There are 2 protein chains.
Amino acid sequence: MKPTIHHVAERAQVSKATVSRVLNRNPQVKDEIRERVLRVIEELGYHPSAIARNLATNKTNMIGLILPDITNPYFPVLARGIEDAAHRLGYALFISNTDNDPKLEREYIHKMVEQQVGGIVLISSTLDEQTVQDLASLRTPIVLCDRLIANTPFDAVLIDDYKAAYEAVSFLIGKGHKQVAHLAGPKNIQSAENRKLGYLHAMRDANLEPFVSVGSFTYESGVHQMGSVLEEYKPTALFASNDLLALGAIHEINLRGLRVPEDVAVIGCDDIPFSKMSRPLLSTISIPVYQIGVTAVQLLDDQMKGVRSGTKNMILEHKLIHRESCGGVENK
Amino acid sequence: MKPTIHHVAERAQVSKATVSRVLNRNPQVKDEIRERVLRVIEELGYHPSAIARNLATNKTNMIGLILPDITNPYFPVLARGIEDAAHRLGYALFISNTDNDPKLEREYIHKMVEQQVGGIVLISSTLDEQTVQDLASLRTPIVLCDRLIANTPFDAVLIDDYKAAYEAVSFLIGKGHKQVAHLAGPKNIQSAENRKLGYLHAMRDANLEPFVSVGSFTYESGVHQMGSVLEEYKPTALFASNDLLALGAIHEINLRGLRVPEDVAVIGCDDIPFSKMSRPLLSTISIPVYQIGVTAVQLLDDQMKGVRSGTKNMILEHKLIHRESCGGVENK
DNA sequence: CTGAAAGCGCTAACAC
DNA sequence: GTGTTAGCGCTTTCAG
């Protein structure tokens with residue numbers, strides 16, 4: 001049996017209250033007694049039960065992270081930012097993968113609420129109206145990442161996907177490209193849609209004919225989509241909605257005997273770690289993922305502490321990273 | 001205020017005990033009453049408090065995962081295996097990154113124990129004698145991944161790193177290579193050491209002169225180490241202790257105007273997702289990471305349920321994956 | 001089939 | 001300074 005505060009109290013010949021005081025660093029305990037208690041705690045290998053404490057204080061030191069898939073290279077850095085910030089603020093972190101399955105999302109959210117988490121960082125693309133209602137009635141603070149839902153009490157932290165895409169495409173156009181294709185992400189993912197819009201508008205503003213191929217946010221999808229793009233459009237440049245797609249596209253381009261960037265310039269989005277390891281090095285839009293995670297937890301913490309009222313949305317800055325895959329850079 | 005079982009009971013005009021019964025699907029509740037209670041639960045948006053329940057039953061449905069760094073591409077799949085298995089068994093999962101810092105490891109372990117987790121999956125390379133003692137006295141089930149500690153009560157699940165390395169190197173030697181270098185991982189990581197041993201023995205058994213360069217398990221380290229290996233040893237083949245190292249090495253090899261696999265054949269270890277996206281595709285030792293995670297949780301569950309006594313070590317099967325980077329495979 | 005009451009390990013007034 | 005007491009929200013005998 002694990003020792004409880006009771007055992008410690010008994011053995012140290014003091015009351016549970018006193019043990020509780022030394023546990024909580026209450027200064028008004030005589031040094032002698034404090035030391036005695038501390039010694040007993042050591043001897044017994046006693047660890048206070050956080051759940052009992054939580055129950056008594058009616059507040060917990062746990063928060064939850066719900067994301068699509070930690071296996072997708074975009075997320076580990078985000079998760080790390082969240083985790084680091086959480087621990088810095090004294091929270092333990094629950095984690096759950098949903099694969100973007102709305103049913104699982106709801107299930108995990110409810111599970112976390114039952115665990116009495118103080119708040120949840122939610123990364124989801126598939127929130128339907130009903131789930132949103134559901135969440136809003138939960139009385140549990142929620143912060144969204146990479147996703148904005150208007151008219152809800154949820155804070156959000158994201159980048160300006162539209163602008164990022166517009167800039168990337170304008171950059172390509174500025175280099176003289178007229179045939180710029182776009183590999184888009186799933187329609188139900190807000191950032192994918194916004195990136196597509198940014199692409200479309202940049203093309204329109206330059207009086208160029210757009211060409212969009214829609215797929216999923218995976219390497220395989222990039223390989224696959226690029227095949228038809230190459231056949232139907234003869235692009236000299238490509239803006240992919242994320243790096244995985246870009247990487248897959250490059251693979252397919254090479255397979256067809258074309259070179260990147262000489263024949264087709266490629267630029268992705270996200271700046272996942274692999275982008276710095278691929279050949280050619282991938283040009284991309286760098287997203288401050290780690291910082292997004294940290295910020296999300298800070299917002300959550302504010303909400304939990306009731307520091308703030310009203311919704312808050314944070315737009316973080318992205319950055320165009322010019323590496324090898326879009327040319328004009330000496331092979332270092 | 002969040003509704004409690006008390007509110008539900010009151011509103012449904014039954015006792016807390018009855019509400020508890022319907023919560024726990026106790027069949028001996030009259031249908032009529034059950035429905036009434038269920039309806040009230042719905043109306044109130046009531047969610048039972050897991051921590052209160054845990055306190056009452058003295059068992060929890062939480063387990064913890066402590067790993068070095070989710071940002072290292074080896075870990076997400078492992079984490080996913082653990083998470084999936086955990087949820088399947090009804091556990092919520094805590095997660096913490098330690099960066100292999102022994103102090104953080106201890107801190108997080110203790111934090112999780114205080115959270116009353118039922119067990120911990122621990123991925124660590126830096127366990128010193130003292131920490132091991134400490135853990136053993138915790139009365140909390142622990143399962144180790146990728147690491148074995150003899151004479152402890154800890155279960156472990158891993159692969160046979162020695163054998164994996166021996167096979168990889170023998171494979172290279174079998175292809176006629178006589179100058180096979182090794183990029184080793186950190187000395188304090190057990191699997192790195194075992195892989196090095198496997199390499200050494202394979203070379204010795206073939207009467208070949210070994211050449212080892214020790215670094216860390218990173219891409220940058222691969223780039224850096226490969227520089228000197230190329231200058232000092234003129235290898236025709238390379239066995240890298242993990243894929244990141246291999247990928248970095250390939251980068252450096254190419255930078256020096258040499259080709260993979262024509263000039264230097266390369267084989268890595270781990271089979272991280274990026275190995276299937278790199279150019280050339282990386283030959284490697286595939287480790288059943290996902291399965292390691294699943295197995296770890298199963299062992300943990302067994303321990304927690306007291307199903308088993310005594311320590312159990314599981315060695316899972318690795319597999320040599322023959323892709324482009326070691327030659328002899330048509331470029332598909 | 002349902003209710004009353006005790007208790008899980010801790011904190012937080014309130015006394016002394 | 002330290003002890004007493006009453007809960008926190010739930011489960012679990014034990015009655016009825």
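Numbers restart at 1 for each chain; the letters A, B, ... are given by sequence-line order, proteins then strands. Note that the structure is predicted; figures quoted are calculated from it, not measured. Computed over heavy atoms, backbone and side chain alike; hydrogens, waters and symmetry mates excluded.
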Rounded to whole angstrom units, what separation is found between the CD1 atom of B:I51 and the P atom of D:dC8? 13 Å
How long is the line joining CD of B:Q28 and C1' of D:dA15, in whole Å? 14 Å
Is the distance from OP1 or OP2 of D:dT11 to the nearest side-chain N or O of B:N24 less than 4.0 Å? yes
Sole residue of A:D146, A:N100, A:T98 in side-chain contact (heavy atoms from CB on, under 4.5 Å) with A:S125: A:N100
Whole angstrom value for the distance that separates P of D:dC8 from CG of B:L55: 13 Å
So, does B:S20 get its side chain near the phosphate of D:dC10, meaning an N or O under 4.0 Å from OP1 or OP2? no
Checking side-chain polar atoms at under 3.5 Å, does B:N54 have a donor or acceptor matched by the opposite partner on B:Q116? no
What is the distance, rounded to the nearest whole Å, between atom CG of B:N58 and atom P of D:dT13? 13 Å
Compare the minimum distances between each of C:dT11, D:dG3, C:dT2 and the side chain of B:I33, then state the nucleotide with the smallest one. C:dT2
Separation of C:dA6 P from B:I5 CD1 (nearest whole Å): 18 Å
Short side-chain donor-acceptor distance under 3.5 Å, A:H110 and A:D134: yes
Report yes if a side-chain nitrogen or oxygen of B:S49 is closer than 4.0 Å to either non-bridging phosphate oxygen (OP1 or OP2) of D:dG9; otherwise report no. no
Considering only NZ, NE, NH1 and NH2 on the basic side and carboxylate oxygens on the acidic side, decide whether A:R88 and A:D84 come within less than 4.0 Å. no
Between CZ of A:R21 and P of D:dT4 the distance, given in whole Å, is 11 Å
Between B:A52 and B:A17, the residue closer to the 5' end of DNA chain D by nearest nucleotide is B:A52
Taken to the nearest whole Å, NZ/B:K16 to C1'/C:dA4 is 10 Å
Can you find a side chain N or O atom of B:T18 that sits less than 4.0 Å from OP1 or OP2 on C:dG3? yes
Would you mind reading off the distance between B:N26 atom CG and D:dC10 atom P, rounded to a whole angstrom? 17 Å
Do A:S124 and A:E105 meet the criterion of a side-chain donor-acceptor pair at a distance under 3.5 Å? yes
For A:V19, report the nucleic acid contact type (base, sugar-phosphate, nothing); a contact means any heavy atom under 4.0 Å. nothing
